[in-house]
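Written out below as C-alpha cells is the structure these notes cover.
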Amino acid sequence: MVLLNSNPATIMTDKDIADQVYIEPLTVEVVKQLIQKEKPDSILPTLGGPAGLNLAMELEEAGFLRENHVRLIGTTALAIKKAEDRERFKETMEKIGEPVAPSCIVEPVEDGLLTAGQIGYPVVLRPAYTLGGSGGGIAKDPEQCREILENGLRLSRVGQVLVERCIAGWKEIEYEVMRDGAGNVITVCNMENIDPVGIHTGDSIVVAPSQTLGDKEYQMLRTSAVNIITELGITGGCNVQYALHPSSFEYCVIEVNPRVSRSSALASKATGYPIAKVAAKIALGYTLDEIENAVTKQTYACFEPMLDYCVVKMPRFPFDKFIRAKRSLGTQMKATGEVMGICTNFEGALMKAIRSLEQHVDCLLFL
C-alpha cells in the first residue's frame, strides 16, 4: 500500500499503516510521478476528502489512469460524477422522484444573474467540486450575486456554480449510509444540525441521534437515503444531507458526499462503527455480511448501530487567532476544529461539549 498525504501530523502517515508513505503536495503532477514510480494497480480516492476525489477525477478524465492500467476502487468515476456534478445530481434525483430545490447550473456570470432573477432572491450559490463550501454563499440582491458568482466560478474545478432557491431556516438532517458491491445498504447514523439550513454543516452544532424527528419523518428520510445511494451506485461510505420543513413533511435533498467525510468521522466516533475501515474493506471486494464487527467480535458490519445515549458535536472557531476575520456564519465553513460531548441526555452532552471548547465558559449563557 502506497500513501500520499500532505499532512505529516496524522496517524495515516505512521509507517505501520502503509508500506510506502509520501509527504508531498497534493497535485496532479505529483500523483502522476508517484503512479509511474510505484506502478499501483488501483487507487482508493474516497478516503482523502474532496482533494483526493478531485485528483482522481482529473486523472480519470485525462485518460492517465487508463494509459497506466490503474483502476479506481471503491466508488466508480460515474458514481462520483453523478454525486458531485450539480447538473447530473439534479437529473439523477429527478429520475428517482427525490425532491430538490429549484436550481440551475451556470457558467458565465451573466447567466447566473439571469437565473437568480428568475428563481427569485435570496438564492444559494454552490460551486461544483470545492472544499468546505468555498466560493459559495447566499445572495440577497444582484450585486451580492455577481460578487459570489465571480469568486465561485474562479474556485470551481469545472467552472460551474449551482444557483438554487434558498431554503434557509429549514431543519438540516444528515444520514451516514454504507453500501457494498452486492447492494446491501445500512444507515450507520442520522444526525440533526441544531443550526438551520444556511449555516455550513461544519460550523453547526450537531446532535446524534436526531432529537426532533418523529418516526414517520425518520423513516421517510432513511428510505430516501437508501434509494439515493442505491441509484448512485456508491460502494463504501456516503453522506446524504437533507433540508426538512419545520412544520410539514416537505423535504429537499441538499447534496450527497460520495466519500468518507467530516460527518463520517463524527458518526464513526458516536456509534463505534469504523466507517473508514469498513469502506476500505468494501473497496477491496468484501460485503457487509463478511466484515466482522470490531467491537462485539460476534456480529457483522451489516447490523445498524443503536444509540441509547446522545452525542453533541460543537465547532471550534479560530477567531482568537484571526482577530479581524469576518464572524458571520454562512454556507462557507469557518471552523477549524470540533469537540464532542457524550451523555445519557442532550443537555448533558451539550454542556460537556461547551466545556471541551476550552474557552473559559461553562454554559451557553456566556457564549
Side-chain angles (χ1 to χ4, degrees), residues 170-178 186-197 199-223 225-226 237-244 246-247 251 260-279 288 291-317 329 335 337-367:
W170 288 27
K171 291 180 186 181
E172 188 163 354
I173 312 291
E174 294 182 65
Y175 278 73
E176 198 63 39
V177 198
M178 294 291 291
I186 64 158
T187 52
V188 177
C189 179
N190 92 308
M191 296 164 273
E192 181 173 0
N193 290 15
I194 293 176
D195 299 272
V197 174
I199 306 295
H200 192 281
T201 311
D203 288 346
S204 298
I205 302 172
V206 179
V207 57
S210 55
Q211 301 293 296
T212 69
L213 298 191
D215 186 59
K216 184 178 176 182
E217 294 158 314
Y218 173 84
Q219 297 298 343
M220 174 180 74
L221 296 181
R222 183 190 177 280
T223 303
V226 169
C238 165
N239 172 255
V240 189
Q241 295 176 14
Y242 293 98
L244 177 67
S247 55
Y251 72 92
V260 176
S261 65
R262 194 182 308 103
S263 299
S264 310
L266 171 64
S268 227
K269 293 184 180 83
T271 60
Y273 190 101
I275 291 171
K277 185 178 179 180
V278 172
L288 286 167
I291 302 168
E292 193 179 72
N293 184 312
V295 179
T296 64
K297 303 285 185 187
Q298 293 178 341
T299 56
Y300 290 84
C302 53
F303 288 93
E304 296 190 354
M306 295 293 292
L307 299 188
D308 58 356
Y309 51 89
C310 197
V311 175
V312 171
K313 177 219 87 175
M314 194 171 270
R316 174 76 158 84
F317 297 100
L329 300 181
E338 55 196 31
V339 298
M340 188 173 86
I342 304 177
C343 194
T344 52
N345 55 57
F346 169 69
E347 294 84 356
L350 179 68
M351 299 301 272
K352 284 181 179 181
I354 290 168
R355 290 198 300 276
S356 299
L357 288 171
E358 295 181 351
Q359 294 193 324
H360 312 294
V361 289
D362 294 325
C363 68
L364 280 173
L365 293 173
F366 298 99
L367 283 180

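The basis for the numbers below is simple: all heavy atoms, side chains too, and nothing from hydrogens, waters or symmetry mates. Worth saying up front: this structure is predicted, and the values here are computed from it rather than measured.
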(Q) Applying salt bridge (Lys or Arg N to Asp or Glu O under 4.0 Å) as the test, list every pair that has at least one member in residues 300-315; sequence neighbours left out. (A) Arg222-Glu304, Lys313-Glu338

Q.
Tell me if a side-chain donor or acceptor on Glu192 pairs with a main-chain N or O of Thr212 at a distance below 3.5 Å.
A. yes

Q) In chain order, what residues pass the side-chain contact (heavy atoms from CB on, under 4.5 Å) check against Pro305, with sequence neighbours excluded? A) Val188, Thr271, Tyr273

Q | Under 3.5 Å: donor-acceptor pair, side chain of Glu347, backbone of Asn345 | A | no

Q.
Is any side-chain heavy atom of Thr201 closer than 4.5 Å to one of Ser263?
A. yes

**Q.** Partner residues of Thr223 under the side-chain hydrogen bond (donor to acceptor under 3.5 Å, both in side chains) criterion, sequence neighbours left out
**A.** none

(Q) Could you tell me if the side chain of Val207 sits less than 4.5 Å from the side chain of Phe346, heavy atoms only? (A) yes

**Q.** Side chain proximity check, Tyr300 to Ile291, heavy atoms < 4.5 angstrom
**A.** no

(Q) Suppose we screen for ring pair (Phe, Tyr, Trp, His ring centres under 6.0 Å). Which residues come up paired with Tyr218, at least two apart in sequence or across chains? (A) Tyr175

(Q) So, using side-chain hydrogen bond (donor to acceptor under 3.5 Å, both in side chains) as the criterion, who are the partners of Lys352 when residues are at least two apart? (A) none

Q. Salt bridge (charged side-chain N to carboxylate O under 4.0 Å, His left out) with Arg316: which residues, sequence neighbours excluded?
A. Asp320

Q: Please identify each residue that fulfils side-chain contact (heavy atoms from CB on, under 4.5 Å) with Ser356, with sequence neighbours left out.
A: Val339

Q. For Glu217, which residues count as a side-chain contact (heavy atoms from CB on, under 4.5 Å) partner, sequence neighbours excluded?
A. Leu213, Leu244, Phe249

Q) Partners of Ser264 by side-chain hydrogen bond (donor to acceptor under 3.5 Å, both in side chains), sequence neighbours excluded? A) Glu176, Ser261

Q: Using side-chain hydrogen bond (donor to acceptor under 3.5 Å, both in side chains) as the criterion, list what pairs up with Asp203, not counting sequence neighbours.
A: none

Q. Looking at residues at least two apart in the chain, or sitting in another chain, which of them share a side-chain contact (heavy atoms from CB on, under 4.5 Å) with Thr299?
A. Asn293, Thr296, Phe303

(Q) Less than 4.5 Å apart, side chain to side chain, heavy atoms only: is that true for Pro196 and Glu172? (A) no

